[in-house]
Each structure stands twice: as C-alpha cells, then as structure tokens.
Amino acid sequence: MEFSLIDTTIQQFDGDCVVVFSNSEVANDDSNIQQLIELNHFESKSGTTLLLNLVAGFKAKQVIVVGMDKAPNTAKNYTKALSAVSGVLDSLKSKSVMIQALDVDGFDESWVHRTGARVLQNATYEIQKLGADKVDRVLENIAFQSDNDNAHELAQGHAIADGMALTRHLGDLPSNICTPSYLAQTAQELADEFNLECEVLEEADMSTLGMGSLLSVSKGSIEAPKLISLSYQGNGNAKPIVLVGKGVTFDSGGISLKPGVGMDEMKYDMCGAASVLGTMRAIAQIQPAINLTIVVPAVENMPAHNASKPGDVVTSMSGQTIEILNTDAEGRLILCDALTYVEKFNPEVVIDTATLTGAVIVALGKHHCGLMANDQDLADDILAAGKTSLDTAWQLPLDDEYDELLKSNFADMGNIGGREACTVTAACFLARYAKDYRWAHLDIAGTAWVSGAKKGATGRPVPLLTQYILNQIN
Ligand code: BES
Ligand code: MN
Ligand code: ZN
C-alpha cells in the first residue's frame, strides 16, 4: 500500500472514496453531507461510520463519514476512527482513498501523517494461516489531505508498521517453526535485505564466553541456543543505542513446569526478540543518522533429564553466581548474560524488552508496558516516546529494598525474589548486570499480545522504541 499527500478539496478528489470526519469544520460545511448525516440519524461518536454513495457534489463515488467525539480531537479518537475506517475500506474494495485533514489536539500535522500511515498500514496485517495463500489487497493508495508536500512522515509511519508486521508475524508463529534458529535466520535475512551486520553465536561460542546462566536455560531443549546481534550504522563511529530482546521461543517453565491451561501462549515468550527485530526493520528502512545494535538471546525452555533443576547454581558471564530457585524465571537468566555481552558495543544506552513477568499484567493490565530504569533521564525519554507513539509505558520503582529480596545462601543471588513485587525484583536482578551503562527495562508481558477471540501479537513496543530512537537525532 502507498501513502501520499494531496492538496485538493474533498469534493474534487477523483479517486474511489473519501473519508470525512464528522465533527470537523469541512464536513459540517458540506451541506449535502450534513443533510445525509441528519437523514440517517448518524450518531457522531468516536469509532462509528456511515457509508454514503454518490453524494451530490463529490467526484468520488463513495464517502465514509467517520464519527468523532466532540472537538478537540484526541489522539486516541483519531486512531480509533482510522481503525474503524480501515474495516469499512476492506469491505468496499476501493483502490484509492483520500482522508480529510484533521487537527489532533496536542500534535502537529507531521504526527497526524506518521501516525495515520502507521495505523492504517498496521490494520492490513493478517495472520497467515499455515499453508494458506496470501490474500491480494485491493487498496493501492491512501492520500492524506494536506497543502504540504513532505511525504517523509508517511514513509516513517509505513516503516514502523512494516516493523510491527514482522514482530507480529514472528510472535504469531508456533514454536515448532519459530525456533532460536529461525530467529537467527530472520536476522540474517534482514541483514541481507538492508545491508546490516549480523553475527550469530553458537552454543560453543557462548560456552567459551562463560555464559553459564544463558546456557542453563537452553540445555534441556533439543533446540540449539543462538545469540544474535544485528547492527545498523547510520552515524559513523558514534556509540550505538543497544536493544536487547528476550527470545524464549517456548516457555514451558522447565522443571518448574507451568500449568497446562493457556500454555500455548508461551510461544509469545519471544516477543521481546521479535520487537527488537521489528524495530531494526523499521530503522533500517527509515535510515536515520544513528547507530543501532540489537541483541537477541534465543533459547527454548523445556523440562528434560538434562534440564536445570531448582537449587542448581550457575555462573554467569559477569562472574556472579546464581541459585536457580525456579526454572520458570528463565528470562532473566538469559538476559543477564546478554546484558554483560553488550558491553563490547560500548553502548550509549541499553534498553531491554521482555515478556518477563505475569505480575506486570496484574499491575498494569494490557495498556502500559512496565518500565524500570537505572537512569531517570532515560526513563523520562522513554515515557515521552510512549506518549508520542501512543505505545505507552508506566514506570515502576527500583529501590534497593527490593533488590535485597534476591538474597541467596548458596550463591550471589537467587533468580526469584518471592511473591511480592515480582516485576520489580525481576528488574532488580537485571540491574545487577547493567551497572556499567544507562539502562532501561520494558516488561511487555501484558502489551505484546492479546488473548481471547482476537488472540495474536500486537507489534508493541515497536512504535515506542522506534520513536525513542528517532527522538535521539538532534
Ligand atoms: N514468560 C514468563 C512471564 C509471563 C507469564 C509472560 C505470563 C506472559 C504471561 C516468565 O518466564 C515467567 O514464567 N515468569 C514467572 C516468574 C516467577 C517464576 C518468579 C512469572 O511471572 O510467574
Ligand atoms: Mn518462565
Ligand atoms: Zn518466560
């Protein structure tokens, strides 16, 4: 699908379909539309739509009136309206569509374009059923009404949606296909397509580096572990932003086996990995003047005769020892070695993203990602990027009192801190390996996928991460 800008009135647009916002000035100015809105008793509420055919005075054959709550138009209502429009466009089989200009409260026109393109493109994502043919899309062009001819923001929105599509696709794939090797292959394909630098460490390499913690998780699985790095260089030798993504391609819990109900959803336990790969895809397409490296520790967590057992003690790459009190707290065990490994990139900042704790869903539900950081400026930048991208985070504390809960009698730390503040103690564990740089952690267990009838990966936090990165360019 292509996005463009068009400087014409809604009446003069000679494509297939025009989208008109019902509480905007222009719509109310068009008396024909106004009459039809009244005739149809259309209730102008956020997310409602009314399809009008052959409206007098319009060159396009169809007009979609989309309801907005009373002005000022909020960002949330704008994206809600676009999602509703995208559903109608699917059924209309239109080829070319124009979207009426709209003021969104608190945001400028470039935001309206970038976000509009992202939301509309992301709405075209379809879960690919195994063996089924890809459906051909009829919609070819969406033009946003504007007297500006800078289409840069549309390209950004499109790139972010393309990144989200990769993230969603990887998340939705079952764990018998999306293995650690499959993630490594995906990274290699991205490297080939966008001319990035890719390195994949094998089990023996990790063993040489002393990654006893990471390898303790993978050893019970037949799937070989991989440590994947992918670098985009857009700014010479500047220090890179480093993103680390948890890549547990299936989390059975290991010997501390999870209950059976809903266990299929643990195929999503690589959504951190998928989101950093998706962010890399978006950035490689946008080509900004920054350096970005992503690192993905990829493993499968299985019970087996040779799997780690509760009480086992392992030595991490940092030299710190860990008593594995629960083999289901495996995410931190692979992330800690990845966090030590990234020191070699001399990072400007490190942000990890992980489906780390069920407790973050209890605390924040499905709306905000949990954010914890060892640097408040970095946390503030991430919170701001979340607000701009509508892919929000909410900060949780990281005080020393929580860290004390990790005490072990048999090693430098245990890998769990008990029932209280699980999300925070998981982050405290990671913080012990992220001492040498500015670091933030996003717990995306709640936001990375939805359950129920609409089960699937969401593509979050690709919008947040990409926005954060783009904000770093002065
Ligand atoms: N991958 C899970 C976290 C998770 C749970 C994500 C539910 C999404 C939905 C993680 O590896 C895990 O099992 N965490 C445990 C930690 C506990 C053993 C300290 C949890 O949250 O229960
Ligand atoms: Mn687990
Ligand atoms: Zn897990």
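The first residue of the sequence shown is numbered 1, and numbering continues consecutively from there. In each ligand, atom 1 is the first atom listed, and ligand 1 is the first ligand listed.
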(message) Checking a contact table here: which protein heavy atom is nearest atom 15 (C) of ligand 1, and how many Å away?
(response) Asp328 O, 4.1 Å
(request) Answer with side chain, backbone, both or neither: which part of Leu356 has a heavy atom less than 4.0 angstrom from an atom of ligand 1? (result) backbone
(message) Any atom of ligand 1 sitting under 4.0 Å from a heavy atom of Phe429?
(response) no
(message) How far is atom 6 (C) of ligand 1 from the closest protein heavy atom, and which atom is that?
(response) Ala445 CB, 3.6 Å
(message) On a heavy-atom basis, I'd like to know which of Met266, Glu330, Met270 is closest to atom 9 (C) of ligand 1.
(response) Met266
(request) Pull out every atom of ligand 1 sitting under 4.0 Å from any heavy atom of Trp449, numbered as shown with elements. (result) 8 (C), 9 (C)
(message) Counting non-hydrogen protein atoms only, what is the nearest one to atom 16 (C) of ligand 1? Give residue, atom name and distance.
(response) Arg332 NH2, 3.9 Å
(message) I'd like to check which ligand 1 atoms, numbered from 1 as shown, lie under 4.0 Å from a non-hydrogen atom of Lys246.
(response) 1 (N), 10 (C), 11 (O)
(message) Check contact between Glu265 and ligand 1, using heavy atoms of the residue and a distance below 4.0 angstrom.
(response) no
(request) Write out the residue and atom name of the closest protein heavy atom to atom 2 (C) of ligand 1, then the distance separating them to 0.1 Å. (result) Asp251 OD2, 3.5 Å
(message) Tell me the protein heavy atom at minimum distance from atom 18 (C) of ligand 1, and give that distance in Å.
(response) Asn326 ND2, 3.5 Å
(request) Kindly assign one of parallel, tilted or perpendicular to the pair His158 and Phe3, based on the angle between their ring planes and the thresholds 30° and 60°. (result) perpendicular
(message) Working note: Thr293 + Tyr232, criterion side chain to side chain contact (heavy atoms under 4.5 Å, CB included); need CA distance, chi angles, decisive distance, verdict.
(response) CA-CA 6 Å; Thr293 294; Tyr232 161 82; over 6 Å; no
(request) Identify, for atom 19 (C) of ligand 1, the protein heavy atom at the shortest distance, and state residue, atom and that distance. (result) Ile416 CG2, 3.4 Å
(request) Out of Gly358, Ala329, Cys271, indicate the one that has the non-hydrogen atom closest to atom 21 (O) of ligand 1. (result) Gly358
(message) As an exercise, identify every atom of ligand 1 less than 4.0 angstrom from a heavy atom of Thr355.
(response) 1 (N), 2 (C), 3 (C), 6 (C)
(request) With the Zn ion (ligand 3) as the centre, enumerate protein N/O/S atoms below 2.8 Å in chain and residue order. (result) Lys246 NZ, Asp251 OD2, Asp269 OD2, Glu330 OE2
